[in-house]
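Only one structure is covered here, and it is reproduced in the block below.
Since this is a predicted model, take the numbers as computed values, not measurements. Reminder, nothing fancy here: chain letters follow the sequence lines and each chain counts from 1.
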There are 2 protein chains.
Amino acid sequence: MANQSLDQVFAALADPTRRAIVMRLCAGEASVGELADPFDMALPSFLKHIHVLETSGLVQSEKSGRVRTCRLSPDALLGAEDWFQQQRAIWEARLDRFEAYVMKLKKEKERAAVKRPSRTTKRKGSE
Amino acid sequence: MANQSLDQVFAALADPTRRAIVMRLCAGEASVGELADPFDMALPSFLKHIHVLETSGLVQSEKSGRVRTCRLSPDALLGAEDWFQQQRAIWEARLDRFEAYVMKLKKEKERAAVKRPSRTTKRKGSE
DNA sequence: CGATTGGTTAGCCATGAAGCTAACTATAAG
DNA sequence: CTTATAGTTAGCTTCATGGCTAACCAATCG
């Protein structure tokens with residue numbers, strides 16, 4: 001469910017047109033026509049992008065009269081951002097452990113160097 | 001250039017298999033075989049995913065002997081995370097402005113209510 | 001050397017994504 | 001009522017993606 005959503009959010013953001021739309025909507029809501037204006041693209045093609053953004057949950061829209069107004073719905077965006085932050089947390093934890101490991105190795109090497117100087121300490125550093 | 005890269009990074013992350021690989025690699029490097037093991041997928045299919053991750057810049061790999069070892073290269077990941085943070089910054093700035101605007105409206109309405117009480121104040125709240 | 005393991009290449013297929021035009025609906029505007 | 005505007009639907013083409021099998025290196029192991 002959340003995975004499904006991540007699939008769709010990332011897929012939606014993989015397209016430069018759609019990223020541009022999201023960026024535009026960050027600055028405030030807009031009608032389909034206003035959104036489509038900067039793009040050299042037929043309206044039906046453009047509408048598909050809007051639809052992709054809607055089904056990904058990144059954008060909501062509502063029609064009043066003959067104009068459809070789109071706004072960003074930031075939840076999906078935040079969800080994706082969370083994913084990055086989780087990965088980064090894991091990554092950084094690992095780096096810390098790795099660094100600690102390297103420091104340990106270094107100290108052991110120093111101690112060994114004191115005990116028996118001049119020996120090409122072979123390091124078996126497979127991760 | 002950076003846009004091109006964002007395209008590829010987001011496209012890479014739109015696939016659950018590839019996200020799983022990235023998550024796995026956050027915990028440390030691994031060989032192609034180790035990475036492929038949890039997945040019920042033919043090796044050539046799996047290799048394509050690895051390749052997508054490599055061309056997106058998310059993963060680096062190097063072959064020694066007959067085993068190819070993959071590691072995460074966090075730059076692309078951080079680049080994508082930056083994109084989110086920029087959008088969020090813009091979004092939040094807008095929200096602040098919007099809130100200020102609403103507060104202003106509210107105060108004006110209050111002042112108006114004092115001047116001439118009992119009148120259905122029609123709000124022209126477009127944006 | 002011969003067999004095994006780990007990865008790779010080539011090529012096929014089905015599906016989906018991204019673009020288009022043409023034609024249609026429905027609300028404003030004159 | 002008529003026309004223009006804003007969006008929508010249908011249907012087509014083209015190309016990319018994700019999966020497969022079969023066959024092929026190239027290191028290791030026995």
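Residues satisfying the side chain to side chain donor-acceptor pair (under 3.5 Å) criterion with A:Arg66, sequence neighbours excluded, are absent altogether. With sequence neighbours excluded, no residue forms a side-chain contact (heavy atoms from CB on, under 4.5 Å) with B:Pro38.
One can place CG of B:Leu53 at 10 Å from P of D:dG18, the figure rounded to the nearest angstrom. Here the P atom of nucleotide C:dA10 and the CG atom of B:Leu47 are 13 Å apart, to the nearest Å. A:Asp7 has its CG atom 10 Å from the P atom of D:dG18, to the nearest Å. Rounded to an integer number of Å, the gap from B:Asp37 CG to C:dG6 P is 10 Å. Distance B:Gln8 CD to D:dT17 C1': 14 Å, rounded to the nearest Å. Taking atom NE2 of A:His51 as the reference point, atom P of D:dA10 lies 12 Å away to the nearest angstrom.
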* Asked: What is the per-nucleotide protein-contact pattern of nucleotides 17-30 of chain C, from the 5' end, where B denotes a base atom under 4.0 Å from a protein heavy atom, S denotes such proximity for sugar-phosphate atoms only, and - denotes neither?
  -> -BBBBB----BS--
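By the 4.5 Å heavy-atom criterion applied to side chains, B:Ser61 and B:Thr69 are not counted as neighbours.
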* Between A:Arg71 and A:Leu25, does a side chain to side chain contact (heavy atoms under 4.5 Å, CB included) hold up when you go through it step by step? -> CA-CA 6 Å; A:Arg71 71 186 100 285; A:Leu25 289 179; 5.8 Å; no
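A:Glu81 and B:Arg88 are joined by a salt bridge, as a carboxylate oxygen and a charged side-chain nitrogen come within less than 4.0 angstrom of each other.
Residues B:Arg18 and B:Ala12 come closest through the heavy atom pair NE-O, 2.8 Å.
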